[in-house]
Protein chains: 2
Amino acid sequence: MAKRVSHRDSMCGVARPLDAIGDWWSLLIVRDAFDGLRRFGEFQKSLGLAKNILSARLRNLLAHGIMETVPAADGSPYQEYVLTEKGRGLFPLLVALRQWGEDFFFEPDEAHVLLVDRKNGLPVRRLELRAQDGRVVGAEDTMVRLPQASAGKGIA
Amino acid sequence: MAKRVSHRDSMCGVARPLDAIGDWWSLLIVRDAFDGLRRFGEFQKSLGLAKNILSARLRNLLAHGIMETVPAADGSPYQEYVLTEKGRGLFPLLVALRQWGEDFFFEPDEAHVLLVDRKNGLPVRRLELRAQDGRVVGAEDTMVRLPQASAGKGIA
DNA sequence: CTCAGATGGTTTTAGTTTGAAACCATCGTG
DNA sequence: CACGATGGTTTCAAACTAAAACCATCTGAG
């Protein structure tokens with residue numbers, strides 16, 4: 001971990017978060033945490049990964065402040081793992097991932113889980129990126145502006 | 001690759017896309033592709049990763065239809081790597097990642113690149129998930145509905 | 001009290017992956 | 001026709017992954 005620092009010693013705004021998450025397993029753990037899973041054994045059963053790996057991933061998520069342990073909940077003497085605010089901030093990313101999956105990884109007629117509004121059970125809308133004036137913008141409508149300088153292009 | 005199929009032989013709507021992307025390098029390659037990079041050497045210089053790794057990642061992205069090769073562009077005899085529509089579909093995910101990074105990985109006063117509207121240079125808004133009725137919804141306002149059955153909860 | 005089972009890990013060990021460096025092939029140019 | 005630029009592949013040591021075995025703690029049953 002944290003070995004990604006290839007040729008620049010400050011990582012860019014995309015690489016830095018990636019490094020913190022760690023790997024795909026971590027993201028699946030976070031997803032399960034959004035689902036309400038809290039215990040080591042629950043994550044292990046849900047994901048089916050080796051216990052040592054789960055242990056390492058949880059440790060990394062804790063170290064990066066994405067999850068935290070809370071001392072108890074149902075009286076059992078064990079700790080539970082819950083998302084911090086930083087961890088809950090990953091929700092849009094997971095939604096983006098899920099929607100991309102819906103678009104390109106399922107046949108049109110293939111059944112798949114649907115993210116719905118709790119209030120009325122209707123599917124949520126697609127994530128949309130909007131400009132200040134409210135226009136929906138795509139990749140081609142955006143560019144990056146470097147810190148204090150002026151130029152730059154693309155989404156780097 | 002494709003060894004993630006832990007204990008279920010059909011992967012869920014989040015794991016399947018993750019498996020296709022492959023790893024973090026692939027996502028950084030995609031980001032660079034959004035920036036307009038097209039050539040093997042450009043990616044390699046930008047990311048500073050070993051050529052064999054870049055080669056493997058590009059192969060994987062091609063295999064999953066996220067990028068494709070086009071025979072030429074400036075007359076040089078080499079091929080170029082460009083995003084497919086599926087690849088361009090990753091834009092919201094990258095934006096989500098970047099915005100999460102902005103929120104939690106930079107000091108309030110720390111300079112960082114900013115994603116701006118090409119038309120007027122203003123920063124884009126935050127990604128927001130909206131319900132059908134237009135309400136902005138967070139993780140706690142949503143749940144998943146399983147394929148054709150009725151129950152299910154969380155964002156799995 | 002003691003023993004078995006549940007929970008939550010760590011250690012061990014083999015296999016896989018990574019990544020730096022060296023090597024190789026092709027094209028275009030002087 | 002030698003040479004640099006480009007775009008890779010091969011080699012090999014080091015790091016990481018993952019399955020299984022092991023270990024520690026707590027709980028309830030007898």
Side-chain angles (χ1 to χ4, degrees), chain A residues 1-9 11 15 18-29 32-33 36-64 67-82, chain B residues 1-9 11 15 18-29 32-33 36-64 67-82:
Chain A
M1 226 69 78
K3 278 258 287 327
R4 181 66 33 79
V5 182
S6 47
H7 59 133
R8 224 142 108 281
D9 54 284
M11 298 167 84
L18 287 177
D19 183 65
I21 295 172
D23 76 346
W24 294 150
W25 281 125
S26 301
L27 212 46
L28 292 173
I29 292 168
D32 275 356
L37 271 54
R38 304 164 71 94
R39 299 282 284 259
F40 187 96
E42 290 180 313
F43 292 116
Q44 211 237 318
K45 186 147 60 78
S46 164
L47 298 172
L49 82 178
K51 296 202 291 181
N52 54 347
I53 303 298
L54 175 56
S55 182
R57 293 303 172 274
L58 286 171
R59 218 177 354 252
N60 185 62
L61 290 169
L62 295 176
H64 282 89
M67 301 189 81
E68 62 188 343
T69 51
V70 299
D74 61 340
S76 68
Y78 306 111
Q79 60 189 349
E80 302 188 337
Y81 299 87
V82 300
Chain B
M1 227 68 77
K3 279 255 290 332
R4 181 65 33 83
V5 181
S6 47
H7 59 135
R8 227 147 103 284
D9 53 283
M11 298 165 86
L18 286 177
D19 184 66
I21 296 172
D23 76 346
W24 293 150
W25 282 125
S26 301
L27 212 48
L28 292 173
I29 292 168
D32 275 356
L37 271 53
R38 305 165 70 94
R39 299 282 285 260
F40 187 95
E42 290 180 312
F43 291 116
Q44 210 237 318
K45 186 147 61 79
S46 164
L47 298 172
L49 83 176
K51 296 202 292 182
N52 54 346
I53 303 298
L54 175 56
S55 182
R57 294 303 171 273
L58 285 171
R59 215 172 3 247
N60 185 62
L61 289 169
L62 295 175
H64 282 89
M67 302 188 79
E68 62 188 343
T69 50
V70 300
D74 61 340
S76 66
Y78 306 110
Q79 60 189 348
E80 303 188 336
Y81 298 88
V82 299

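Any value given below was found using the heavy atoms of this structure, including those in side chains, with hydrogens, waters and symmetry copies removed. The sequence lines fix the lettering, A, B, ..., with proteins before strands; numbering per chain opens at 1.
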Starting from [atom2] on [N], measure out to [atom1] on [X] and report it in whole angstrom.
X	N	atom1	atom2	value
B/Phe43	D/dG7	CZ	P	11 Å
B/Gln44	D/dT9	CD	P	13 Å
A/Leu47	C/dG8	CG	C1'	16 Å
B/Phe40	D/dG7	CZ	P	8 Å
A/Lys45	C/dT7	NZ	P	9 Å
B/Leu58	D/dT6	CG	C1'	14 Å
A/Glu80	C/dG9	CD	C1'	16 Å
A/Arg38	C/dG8	CZ	P	12 Å

Identify the two heavy atoms, one from [X] and one from [Y], that lie closest to each other, and give their separation to 0.1 Å.
X	Y	answer
B/Asn60	B/Ile21	ND2-O, 3.5 Å
B/Leu49	B/Phe43	CD2-O, 4.4 Å
B/Arg38	B/Val70	NH2-CG2, 4.0 Å
A/Leu54	A/Ile29	CD1-CD1, 3.6 Å
A/Met67	A/Leu62	O-CD2, 3.4 Å
B/Ser46	B/Leu37	CB-CD2, 3.6 Å

- Taking C-beta and beyond as the side chain, do A/Arg57 and A/Ser26 meet within less than 4.5 Å on heavy atoms? yes

Please produce a list of atom pairs where a protein N or O lies less than 3.5 Å from an N or O of nucleotides 19-24 of chain D.
{"unit_1": "D/dA19", "atom_1": "N6", "unit_2": "A/Asn52", "atom_2": "ND2", "d": "2.2"}

- Message: Check the orientation of B/Phe40 and B/Tyr81. Use parallel for under 30°, tilted for 30 to 60°, and perpendicular for over 60°.
- Response: tilted

Tell me whether the OP1 or OP2 atom of [N] has a side-chain N or O from [X] closer than 4.0 Å.
X	N	answer
A/Arg59	C/dG9	no
A/Trp25	D/dA18	yes
B/Gln79	D/dG8	yes
B/Ser55	D/dT9	yes
A/Arg39	C/dG8	yes

- Query: Looking only at atom types and distance, does a side-chain atom of A/Glu42 sit under 3.5 Å from a main-chain N or O of A/Arg39, one as donor and one as acceptor?
  - Reply: yes

- Query: Counting N and O atoms only, with roles assigned by atom type, does the side chain of A/Trp24 sit under 3.5 Å from a partner on the main chain of B/Gly22, one being a donor and the other an acceptor?
  - Reply: yes

Sort me out a list of protein N/O and nucleotides 25-27 of chain C N/O pairs below 3.5 Å, or just none if empty.
none

- Item | Residues A/Ser55, A/Lys51; criterion side chain to side chain contact (heavy atoms under 4.5 Å, CB included); working and verdict | CA-CA 6 Å; A/Ser55 182; A/Lys51 296 202 291 181; over 6 Å; no

- Task: Output all residues satisfying side chain to side chain contact (heavy atoms under 4.5 Å, CB included) with A/Ala50, sequence neighbours left out; order by chain, then residue number.
- Result: A/Asn52, A/Ile53

- the helix from C/dC1-D/dG30 to C/dG30-D/dC1: angle between terminal helix axes, five bp per end, to the nearest 10 degrees, reads 0°

